[in-house]
Amino acid sequence: MKNPILIVLLLFVSLFAFAQPSKVLFIGNSYTYVNNLPELVSTMMSSSGESIEYQMSAPGGCTFQQHCTVSSSYIQQGNWDYVVLQEQSQLPSFPDDQFMQECYPYAASLCSMTQAYNEGAHIVFYMTWGRKNGDQQNCPYYPPLCTYQGMDSLLYLRYMMMAEDNHAWVSPVGAT
């Protein structure tokens, strides 16, 4: 008599033994590279028996607009399973018209480029968080930025909008 549990276990072992590591591209800035986010994700995946291969394009302070040039060659390499996008930390919380001119269209451009060169890739927006005391430098020009809650709420709103409009996922790192 055959042991069904043994057969199922052998099936799972054979599936994982031949599984290819996921290929992940991280695009961002200091929020991505300072704590070596790609390596942290890789370590977490390893602890669950999974693995990833990754590359990172994360020049300090880089915006989505700049990434449309700086990181395009990474995206165009193709074969990415996941592309993680992190915008400059303040820009998505700025006034609507500024966000719509300086951030939103470049998020869409990075998503379009990703889809064109990486069939089936999942796009993940890495949601950042408000500053502890808000954005005091820009507070006099836009009062919602004067507090953590105001800044954080705008970041949440804008990242969710970019993800929804671009058929992407959100990693709500900054969500409270």
Side-chain angles (χ1 to χ4, degrees), residues 22-38 40-42 44-45 52 54-72 74-75 80-139 141-176:
S22 294
K23 292 182 69 181
V24 183
L25 174 60
F26 291 85
I27 294 176
N29 52 53
S30 62
Y31 278 46
T32 297
Y33 77 78
V34 165
N35 294 308
N36 199 357
L37 179 65
L40 288 173
V41 171
S42 179
M44 288 187 333
M45 296 297 293
I52 66 170
Y54 64 84
Q55 283 190 317
M56 174 173 50
S57 176
C62 204
T63 65
F64 282 166
Q65 181 177 5
Q66 294 165 322
H67 277 298
C68 285
T69 303
V70 171
S71 300
S72 62
Y74 289 93
I75 294 170
W80 297 111
D81 298 307
Y82 300 89
V83 175
V84 179
L85 301 173
Q86 179 249 311
E87 174 62 286
Q88 189 275 344
S89 64
Q90 297 158 284
L91 194 51
S93 66
F94 287 173
D96 290 342
D97 59 337
Q98 188 174 358
F99 165 74
M100 292 304 288
Q101 289 177 0
E102 296 178 18
C103 178
Y104 186 86
Y106 302 104
S109 181
L110 289 167
C111 290
S112 293
M113 189 183 317
T114 296
Q115 293 162 345
Y117 288 93
N118 300 273
E119 186 177 339
H122 298 285
I123 300 166
V124 182
F125 282 95
Y126 168 20
M127 180 190 296
T128 58
W129 49 91
R131 294 180 175 177
K132 181 179 179 180
N133 297 308
D135 182 350
Q136 294 306 303
Q137 178 182 355
N138 291 298
C139 169
Y141 311 107
Y142 191 52
L145 297 178
C146 295
T147 64
Y148 164 81
Q149 187 62 40
M151 183 179 185
D152 198 61
S153 295
L154 285 165
L155 289 167
Y156 176 86
L157 175 71
R158 303 293 177 49
Y159 270 101
M160 296 303 287
M161 183 171 83
M162 288 185 292
E164 183 177 334
D165 291 351
N166 291 288
H167 310 288
W169 297 346
V170 174
S171 179
V173 178
T176 56

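Just so you know, residue 1 is the first one in the sequence shown, and it goes up from there.
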* Asked: Is there a donor-acceptor contact under 3.5 Å linking the side chains of Asn29 and Gln88?
  -> no
* Looking only at non-hydrogen atoms, find the nearest pair between His67 and Ser57 and report the distance. => CE1-O, 3.4 Å
* **Near-ring test Trp129/Tyr31, centroid separation under 6.0 angstrom** => yes
* **Asp97 atom CG, neighbour heavy-atom count above 12 within 6.0 Å** => yes
* To do: Name all residues meeting the ring-ring contact (aromatic ring centres under 6.0 Å, His included) criterion together with Tyr117; count only those two or more places apart in sequence or in a different chain, and write none if there are none.
  => none
* To do: Please lay out, stage by stage, how Arg158 and Asp96 fare under the test salt bridge (Lys or Arg N to Asp or Glu O under 4.0 Å).
  => CA-CA 9 Å; Arg158 303 293 177 49; Asp96 290 342; 2.4 Å; yes
* Does a side chain donor of either Asp165 or Tyr104 reach within less than 3.5 Å of an acceptor in the other side chain? -> yes
* To do: Not counting sequence neighbours, which residues clear ring-ring contact (aromatic ring centres under 6.0 Å, His included) with Tyr126? List them please.
  => none
* Looking only at heavy atoms, what is the nearest atom pair of Tyr142 and Ser93, with distance? -> CE2-O, 3.5 Å
* Check whether any side-chain N or O of Ser109 sits under 3.5 Å from a backbone N or O of Pro105 as a donor-acceptor pair, and report yes or no. => no
* Asked: Do side-chain atoms of Asn166 reach the backbone of Met162 as a donor and acceptor pair under 3.5 angstrom?
  -> yes
* **Asn118 side-chain N/O to Trp80 backbone N/O, donor-acceptor pair under 3.5 Å** => yes
